[in-house]
Amino acid sequence: MSWLQYLHPPMLTRRTLRVWQRNRNVFVKTFRVNFLPPLLEPLLYLLSLGYGLGVFVTQINGVSYPRFIAPALLAISIMNAGFFETTYASYVRMYFQKTFDAIIATPLSIEEVITGEILWGATRSVINASIMLPVLIAFGVVDLPISFVIIPFAFLAGFLFASIGMCFTALTPNIDTLNLPTFLFITPMFLFSGTFFPLSILPMPIQVIATAVLPLTHVVKITRMITLSQVTPAILVSLAWIIIVAAVLFVLAVNLMKRRLIV
Amino acid sequence: MGDVIVAEDLEKRFGDFVAVNRVTFSVREGEVFGFLGPNGAGKTTTMRMIQCVSPKTSGRLEVFGMDVNTHPADIKCLIGVVPQETNLDPDFSVHENLMVYSRYFDIPPRTALETIGSLLDFVQLSERRDTSIEKLSGGMKRRLILARALINNPRLLILDEPTVGLDPQARHLIWDRLRALRSRGNTIVLTTHYMEEAAQLCDRIVIMDQGRILELGRPQDLVQKHAGVDIVEADNKPEVLACLGRMGAKYDVAGERVQVFTEKAREVTAALLQECSPIEVVARPAGLEDVFLKLTGRRLKE
Ligand SMILES: Nc1ncnc2c1ncn2[C@@H]1O[C@H](COP(=O)(O)OP(=O)(O)OP(=O)(O)O)[C@@H](O)[C@H]1O
Ligand SMILES: [Mg+2]
């Protein structure tokens with residue numbers, strides 16, 4: 001019974017957006033610094049992997065290598081933006097800056113603070129995807145106009161990764177142990193989710209595991225269907241997976257944070 | 001006038017540890033109510049329960065007639081908080097801190113701008129409007145936190161050690177501001193380690209120790225009750241103690257000193273000087289600190 005208490009739905013008001021606004025204000029203040037990584041990242045990957053390694057890997061399933069990895073680069077950037085916002089960045093705000101303490105002395109509740117943080121993480125994913133997409137368009141490695149669908153989709157996927165990140169933040173004893181989920185979860189996912197080579201070449205058990213538990217697998221599947229204009233009904237399965245897991249982990253993140261912060 | 005805070009058998013446990021042990025008190029509208037107590041007495045814990053950020057373990061706690069468990073947002077709309085630990089937002093400047101904070105209370109931007117202007121004047125930080133938080137001195141940060149606590153024009157102000165670490169000028173400025181707020185009818189609850197602060201500002205105080213309330217009352221009444229009018233101090237030497245014993249005086253030993261609580265300081269001093277040949281005798285009016293040390297003991301806490 002006791003784990004059920006962690007699925008208690010949060011009570012939210014419009015004030016949740018105040019937390020989002022706070023983070024947005026900080027982001028706007030430091031925009032020039034925040035702007036560069038999502039701009040440079042696809043360039044570096046496309047040049048080194050797409051056009052470097054791509055000389056040897058000419059085609060995958062009839063798709064040129066740069067076009068194969070372009071949607072994966074988007075998915076990875078969406079993942080990183082959401083995940084790192086609610087892990088390191090939220091941890092710093094929570095623990096070092098005492099920002100959450102300051103906010104819950106106002107009419108906002110801790111549930112609203114955590115939800116606002118996660119919504120902001122999802123927004124970071126949207127921002128990253130929006131900065132990256134024009135670069136990929138310039139290289140001509142994504143189809144148009146369908147690829148613009150990635151931008152709203154980035155919010156959903158970002159929400160999922162931000163919720164995952166917040167669960168780890170709620171459980172981590174200190175900021176150094178946040179490296180563990182990064183190395184044990186994010187890095188393997190970065191490599192084994194059908195990002196740089198198709199999942200189908202891996203042994204069946206690993207394929208099954210990747211599809212069952214690695215969120216990035218589903219995100220890459222969807223972004224790739226979109227940028228290659230190859231949308232099939234399978235997109236619904238991945239969408240459903242993402243929505244259900246995001247909803248559960250969001251509620252879990254809020255409750256784990258309540259357990260951590262309400263003493 | 002009604003009671004702003006009513007606490008009855010209020011208890012807070014952290015696991016097995018009882019931090020606040022069934023305390024009962026009420027704070028009247030318009031008064032300055034102080035919590036005194038050694039480190040770890042449970043002052044901050046009590047403040048945090050009143051602020052609705054730390055749930056009570058048992059007992060009754062109402063603020064403005066509302067239960068802290070059921071109406072946290074409504075209560076938090078009506079109070080302003082100066083926390084013990086400075087938690088200004090380091091990502092923003094002085095002005096931005098107040099602006100962002102005003103949004104948490106849904107204050108319209110235009111109103112907020114006006115309020116912030118006058119609050120910065122009130123705490124004498126107008127010149128620092130665009131300074132980033134790291135560049136403020138400790139005293140400026142405390143003043144800014146006070147301004148932040150006033151942003152929603154709160155009916156109840158809760159201050160947890162508002163003047164900790166401040167120089168006398170900054171402390172007096174804050175005291176002055178708190179008096180101004182009281183005269184506007186605000187209710188103020190504060191905790192402090194400075195007896196002078198409590199004596200100067202508070203209409204009523206409680207003295208807490210180890211989670212319990214030891215005394216509640218007006219500062220001057222508590223001094224009268226526990227320390228008398230005056231105190232005569234002399235060196236703690238066997239001859240002096242024996243001599244005091246012969247005189248039939250009631251005394252307390254306080255480390256290297258021995259203290260006599262009395263209403264006849266002059267006579268006691270004269271007698272001591274004549275009969276007991278101590279090295280040094282000091283007579284002074286009794287104060288809150290004497291009450292505090294008498295009630296909570298002289299041992300270092302924790
Ligand atoms: N989150 C917590 N978990 C466990 N124990 C706690 C927690 N918060 C406070 N305590 C304990 O409760 C007791 C009361 O702490 P509190 O902070 O209320 O004291 P205080 O009167 O404000 O002291 P100070 O004057 O040092 O600020 C202390 O013994 C403290 O160690
Ligand atoms: Mg304290």
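None of the values given here were measured: they were computed from a predicted structure. By convention in this document, chain letters (A, B, ...) are assigned in the order of the sequence lines, proteins followed by strands, and residues within each chain are numbered from 1.
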**Asked** CZ of B/R212: more than 12 outside heavy atoms within 6.0 angstrom?
**Response** no

**Message:** So which residue, B/A149, B/G80, B/P72, B/P90, ends up with the most heavy-atom pairs under 4.5 Å with chain A?
**Reply:** B/P90

**Complete:** Honestly, the part of B/L88 sitting under 4.5 Å from a heavy atom of chain A is backbone

**Asked** Between A/I110, A/L261, A/I262, A/N25, which residue shows the highest count of heavy-atom pairs closer than 4.5 Å to chain B?
**Response** A/N25

**Complete:** In short, B/S93 meets A/K29 closest at the heavy-atom pair N-NZ, 4.0 Å

**Request:** Tell me, yes or no, whether the heavy-atom count around A/Y95 atom OH, taken from other residues, nucleotides or ligands under 6.0 Å, exceeds 12.
**Result:** no

**Residues, nucleotides or ligands: over 12 heavy atoms within 6.0 Å of A/R260 CZ** = yes

**Asked** Taking atom CZ of B/R103 and atom CG of A/L108, what is their separation to the nearest 0.5 Å?
**Response** 11.0 Å

**Complete:** The reported gap from CD in A/Q21 to OH in B/Y104 (rounded to nearest 0.5 angstrom) is 9.0 Å

**Message:** Looking at chain A, which one of B/T45, B/D106, B/V81 has the largest number of heavy-atom pairs inside 4.5 Å, strictly under?
**Reply:** B/D106

**Message:** Set out, in order, the CA-CA distance, both residues' side-chain angles and the distance that settles side chain to side chain contact (heavy atoms under 4.5 Å, CB included) for B/D89 and A/R22, then state yes or no.
**Reply:** CA-CA 10 Å; B/D89 204 324; A/R22 180 221 167 265; 2.6 Å; yes

**Asked** Taking all atoms of both residues into account, what is the closest heavy-atom pair of A/P107 and B/C77, and its distance?
**Response** CG-SG, 3.5 Å

**Asked** Atom CD in B/E85, atom CG in A/D101: separation rounded to 0.5 Å?
**Response** 7.5 Å

**Prompt:** Can you check whether A/I104 reaches B/Q51 side chain to side chain, under 4.5 Å on heavy atoms?
**Reply:** no

**Prompt:** Are any non-hydrogen side-chain atoms of B/K76 and A/T106 less than 4.5 angstrom apart?
**Reply:** no

**Request:** Under 4.5 Å, counting heavy-atom pairs only, tell me which of A/L17, A/V19, A/I103 racks up the most with chain B.
**Result:** A/I103

**Message:** With a 4.0 Å cut-off on N to O distance, would you call A/R93 and B/D91 a salt bridge?
**Reply:** no

**Fill in**
Turns out that what part of A/R15 lies under 4.5 Å from chain B's heavy atoms comes down to side chain

